[in-house]
Colleague: 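Mind looking over this structure? Questions follow.
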Amino acid sequence: MEALKYPIGKLDLPSSIHLPDVKNWIKDIENFPDLLRYEVESLTLDQLEWKYRPEGWCIRQVVHHCADSHINSQMRFKLTLTEDKPTIKPYAEALWAQLPDMTAPIQWSLDLLDVLHKRWVVLLESLTEEDLKKEYVHPEHGRVFNLCQTVALYSWHCRHHLAHVKQAKAAKGSY
């Protein structure tokens, strides 16, 4: 079950992060909307209901979750860049995945991700080494994160959920 939940493995932050790593992670974030769209745009409504694991989300929910999560992340970056070590607001992603807007056409979230990621990448590419050291408090995890770690997290998040979609397609509704 762990392999189905984490098809690319859990996030493993390197102990030492260098600028070329950050640039590669930003590329993952930049490329994600196109890669996701490629995987889902030809799926039927029935195929969008395929799950990547038992008790997991369906493809439709994964697409909408990515839009929700990435909007939150961009706001966390902006808060961290404009405030001194802000405490960010967590959200109940599992509950959000059950809200009525999760039944909306995935095209809406795909379009949102396209534009959001364009703006987000402009922001990420502008970050200096000093900016990347800026921190925020995540009360749900009870710890402090810096923006460098957060770029790594969202690179992983993009690849993680892209793998979920591919996994659900490969399972062809067997979960």
Side-chain angles (χ1 to χ4, degrees), residues 5-13 17 21-41 43 48 51-52 56-83 86-127 131-132 134-141 143 145-168:
K5 192 172 185 178
Y6 297 101
I8 65 167
K10 291 185 177 181
L11 175 64
D12 184 24
L13 288 173
I17 298 174
D21 298 321
V22 176
K23 290 190 182 304
N24 287 333
W25 296 329
I26 292 170
K27 278 289 178 207
D28 289 338
I29 293 167
E30 180 178 24
N31 294 331
F32 177 69
D34 289 338
L35 295 171
L36 182 62
R37 185 180 297 276
Y38 174 80
E39 290 297 333
V40 301
E41 70 184 346
L43 298 178
L48 290 173
K51 295 184 176 193
Y52 65 89
W57 290 337
C58 66
I59 294 171
R60 177 183 41 76
Q61 287 172 302
V62 170
V63 171
H64 289 310
H65 160 73
C66 288
D68 288 344
S69 173
H70 296 184
I71 286 171
N72 272 284
S73 181
Q74 188 189 42
M75 292 305 105
R76 291 171 181 177
F77 272 86
K78 288 184 171 212
L79 288 168
T80 305
L81 290 167
T82 60
E83 298 178 17
T87 298
I88 57 99
K89 172 117 175 62
Y91 68 101
E93 64 183 37
L95 295 176
W96 283 34
Q98 297 171 29
L99 291 172
D101 64 326
M102 287 293 162
T103 62
I106 63 163
Q107 185 65 40
W108 296 355
S109 283
L110 292 171
D111 291 346
L112 183 92
L113 285 164
D114 283 339
V115 176
L116 175 67
H117 278 242
K118 281 179 175 69
R119 285 192 56 196
W120 195 10
V121 167
V122 167
L123 181 66
L124 294 175
E125 287 178 338
S126 76
L127 298 178
D131 290 334
L132 289 166
K134 293 183 178 182
E135 298 174 323
Y136 63 88
V137 178
H138 197 306
E140 191 174 63
H141 298 293
R143 59 179 281 220
F145 292 91
N146 66 40
L147 292 183
C148 194
Q149 294 167 319
T150 308
V151 175
L153 166 64
Y154 277 88
S155 162
W156 174 86
H157 191 261
C158 291
R159 293 178 289 110
H160 170 70
H161 284 304
L162 191 61
H164 281 158
V165 169
K166 290 177 180 181
Q167 194 170 289

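Being a predicted model, the structure only gives us computed values, none of them experimental.
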Colleague: Do Trp57 and His164 have side chains that get closer than 4.5 Å, going by heavy atoms?
Modeller: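 No, every pair of side-chain atoms sits at 4.5 Å or beyond.
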Colleague: Is there side-chain contact between Leu13 and Phe145, with at least one heavy-atom pair below 4.5 Å?
Modeller: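 Sidechains of Phe145 and Leu13: no contact.
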Colleague: Got a second to check how far Arg37's CZ is from Ser109's OG, nearest 0.5 Å?
Modeller: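 Answer for the CZ-OG pair, Arg37 versus Ser109, is 10.5 Å.
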Colleague: Is any side-chain heavy atom of Trp108 less than 4.5 Å from a side-chain heavy atom of Leu112?
Modeller: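 No, their side chains stay 4.5 Å or more apart.
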Colleague: Between Gln74 and Ile71 (side chain of the first, backbone of the second, donor and acceptor by atom type, cut-off under 3.5 Å), is there such a pair?
Modeller: no
Colleague: Is it true that a side-chain atom of Trp156 and a backbone atom of Gly9 form a donor plus acceptor pair closer than 3.5 Å?
Modeller: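 Side chain of Trp156 to backbone of Gly9: a pair is present.
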Colleague: Could you tell me how the ring of Trp96 sits relative to the ring of Tyr91: parallel (under 30°), tilted (30 to 60°) or perpendicular (over 60°)?
Modeller: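 Trp96 vs Tyr91 ring planes: tilted.
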Colleague: State the CD-CG distance between Gln149 and Asn146, to the nearest 0.5 angstrom.
Modeller: 4.0 Å
Colleague: Checking side chain to side chain contact (heavy atoms under 4.5 Å, CB included) between Glu39 and each of Val165, Ile59, Val63, Val62, which is the one that passes?
Modeller: Val165
Colleague: Spell out, as yes or no, whether a donor-acceptor pair under 3.5 Å connects the side chain of Gln98 to the backbone of Leu95.
Modeller: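 Such a contact is absent between Gln98 side chain and Leu95 backbone.
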Colleague: Are Met75 and Lys89 close enough that some pair of their side-chain heavy atoms sits under 4.5 Å apart?
Modeller: no
Colleague: Mind checking side chain to side chain contact (heavy atoms under 4.5 Å, CB included) for Leu123 and listing every partner two or more places apart, or none if nothing turns up?
Modeller: Phe77, Lys78, Leu81, Ser126
Colleague: Taking C-beta and beyond as the side chain, do Cys158 and His70 meet within less than 4.5 Å on heavy atoms?
Modeller: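 Cys158 vs His70: side chains touch.
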Colleague: What are the two closest heavy atoms between His138 and Pro90, and how far apart are they?
Modeller: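 Reported closest heavy-atom pair: CE1-CB, 4.0 Å.
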Colleague: Quick one: does Arg159's side chain get under 4.5 Å of Asp28's, heavy atoms only?
Modeller: yes
Colleague: With a 3.5 Å distance limit and no angle check, can you tell me whether His117 reaches the backbone of Ile29 through a side-chain donor-acceptor pair?
Modeller: yes
Colleague: Looking at every heavy atom in both Pro7 and Gln167, which two are closest together, and how far apart are they?
Modeller: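 Between these two residues, the closest heavy atoms are CB-OE1, 3.1 Å.
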Colleague: Would you compute the distance between atom OH of Tyr154 and atom OG1 of Thr150 and round it to the nearest 0.5 angstrom?
Modeller: 8.0 Å
Colleague: Is a side-chain donor or acceptor of Thr80 paired with a backbone partner of Arg76 at a separation under 3.5 angstrom?
Modeller: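 Yes; at least one donor-acceptor contact below 3.5 Å.
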Colleague: Heavy atoms, side chains only, cut-off 4.5 Å: are Phe32 and Cys66 in contact?
Modeller: yes
Colleague: State the OG1-CG distance between Thr87 and Leu79, to the nearest 0.5 angstrom.
Modeller: 10.5 Å
Colleague: Can you tell me how far the CH2 atom of Trp120 sits from the CG atom of Leu113, to the nearest 0.5 Å?
Modeller: 9.0 Å
Colleague: What's the shortest heavy-atom distance between Ile88 and Pro139, and which atoms?
Modeller: O-CD, 3.3 Å
Colleague: With a 3.5 Å distance limit and no angle check, can you tell me whether Arg60 reaches the backbone of Ile106 through a side-chain donor-acceptor pair?
Modeller: no
Colleague: What heavy-atom pair brings His160 and Tyr6 nearest, and what distance separates the two atoms?
Modeller: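 Shortest heavy-atom contact: CE1-CD2, 3.8 Å.
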Colleague: Is Asp131 salt-bridged to Lys134, going by a charged N under 4.0 Å from an acidic O?
Modeller: yes
Colleague: Please report the interatomic distance OG(Ser73) to CG(Leu124), rounded to the nearest 0.5 Å.
Modeller: 8.0 Å
Colleague: Does the Glu30 side chain pair with the main chain of Val121, one donor and one acceptor, at a distance under 3.5 Å?
Modeller: no
